[in-house]
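Owing to the predicted nature of the structure, the values given are computational and were not obtained by experimental measurement. Quick note on labels: first sequence line is chain A, next is B, and so on, each numbered from 1.
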2 protein chains.
Amino acid sequence: MSDNNMFSPVENREPLSKVIALQIERAILTKQFLPGSKIPSEFELCEQFSVSRTSVREAIQTLTAQGLLTVIKGKGIYVNDISIESVVDPLHKYLTLKLEREYVLDIVHARQIIEPGIAYYAALNHTDEDLVQLRNDIKGLEDCEGGYSELAKLDTSFHMHLAKASRNYVMPLLLEPIHRLNPDFKSFVYATVGEAKEMAVIWHKKIIDAVIDRDAEKARETMQEHLKIAEKHAEMMLAAANKEKL
Amino acid sequence: MSDNNMFSPVENREPLSKVIALQIERAILTKQFLPGSKIPSEFELCEQFSVSRTSVREAIQTLTAQGLLTVIKGKGIYVNDISIESVVDPLHKYLTLKLEREYVLDIVHARQIIEPGIAYYAALNHTDEDLVQLRNDIKGLEDCEGGYSELAKLDTSFHMHLAKASRNYVMPLLLEPIHRLNPDFKSFVYATVGEAKEMAVIWHKKIIDAVIDRDAEKARETMQEHLKIAEKHAEMMLAAANKEKL
DNA sequence: GAACATATTGTTGTCTGACATAAAATTACT
DNA sequence: AGTAATTTTATGTCAGACAACAATATGTTC
């Protein structure tokens, strides 16, 4: 590849829009543009970068897709306070695209691997505020008069709050896509398994008791048993669904 | 909201580019467009959607930013085989922006939550083939003459294979972003902590022994201890890195 | 002077047409 | 047949225009 030319070939220039997107991203990541604030309008950016509006707009489009910006028609372009959506969404997309066959049981099994550990550390690291939220979730589940999807949502909420209580900043990001992978699946469980709600309340209470006692081992074991039952419920649901098909 | 108008007001229309992007995304997620394949050119998409090239291009831009498409000038638009990068990138961005401090320790803590569970189920569900791979990884680490990054890679390989051995199809997908998040971090550990390699070999062996015995509890506990040490090493590495800065 | 309706301005969304540039396909020439 | 030149196809960028929305300024009425 080495040659004796005096001049090296002009580097394969990146598209302008990419270059611009990168510069704006830098400005955001280095906090020259603060979350919530408005950044210069498209026209001003055109002038600053000396490019056409097309290129600026495509750059903005890119950053919007990455969750860094929000564009409001007629108002302007604003820097987002980066949300967990920007992480959860890609992971969710990744999982749906990567998982081929029926994955209902895989999800339960994944939870069996992850969530006992979460319960363990939630018992050790939780705050009073966490307890308030967890108690709220249980009470909501207990009092819930709504439909099955409502029940499913409250159930999920408990597990997500527990992940938050573990005081690990990465776990909620991993757990949410997993719970989000089945918007309907849990509802079906509640619909087909009569005892599901009562069991959920009972076990969630057992878990929170262990957490309150800061008994990490017990919290883990309880969660493990809880998810063993969840697995059984999932199997019952699948069996019922199959029977219905025939 | 009910009114007696004959016509309901035109719904607050989403930007065309968003609508188009969503439709193409659907087509990809439902595998009407397969990874690696070429999708219709901008002009053809214009016709199919009956919109201008501008709108199509902005939609493409969005999907490219999300990692679903790759555009090659003069050739066309191709569907990506969605890569782990599209997950790691947002995760990395989120953590750097959200957590003020180093997130190295958060990663280790997340592993402490996840990986003991993986070891537990790997002990129960592994096959002979898994054992071959795991032994290979350990041997590779032991014999490794290469640099620190080589060591780090072999170390990671062991943990990924263990996740695979758990026979859960979701776990490797979740674990990979975490391990991928620090291509350099582990290398630094090996570089700054002298005993790191020997310790890794010793503990990996302990873990695989428990796995071979199908002693799930022991496998979990061993992994827990292993990651406690990993945490210590990470702290040492951070301390060394800070000292160097001063 | 205050309240409301109207006009103006600034901003993003979309369209059209044009040319530049890269890659692939075709044609022409040896 | 093999290679070089040309044409075609496709993306990248530009410019100008108008529509749609939001905020501001202006004017009118009481």
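Of the inter-residue distances, the one linking H204(A) atom NE2 with I138(A) atom CD1 reads 7.0 Å to the nearest 0.5 angstrom. Once rounded to the nearest 0.5 Å, the distance linking CG of L238(A) with NE2 of H233(A) reads 13.0 Å. The distance from atom CG of L91(A) to atom OG of S86(B), rounded to the nearest 0.5 Å, is 9.0 Å.
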Report task. Go along nucleotides 12-18 of chain C 5' to 3' and tag each nucleotide: B for a protein heavy atom under 4.0 Å from its base, S when only backbone or sugar atoms are that close, - otherwise. Result -> BBBBB-B
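A salt bridge is absent between K153(A) and D137(A); no separation between the charged side-chain nitrogens and carboxylate oxygens falls under 4.0 Å.
A122(A) and L162(A) get closest at one heavy-atom pair: CB-O, 3.7 Å.
Remark: P of dT11(D) and CG of L63(B) are 14 Å apart, rounded to the nearest angstrom.
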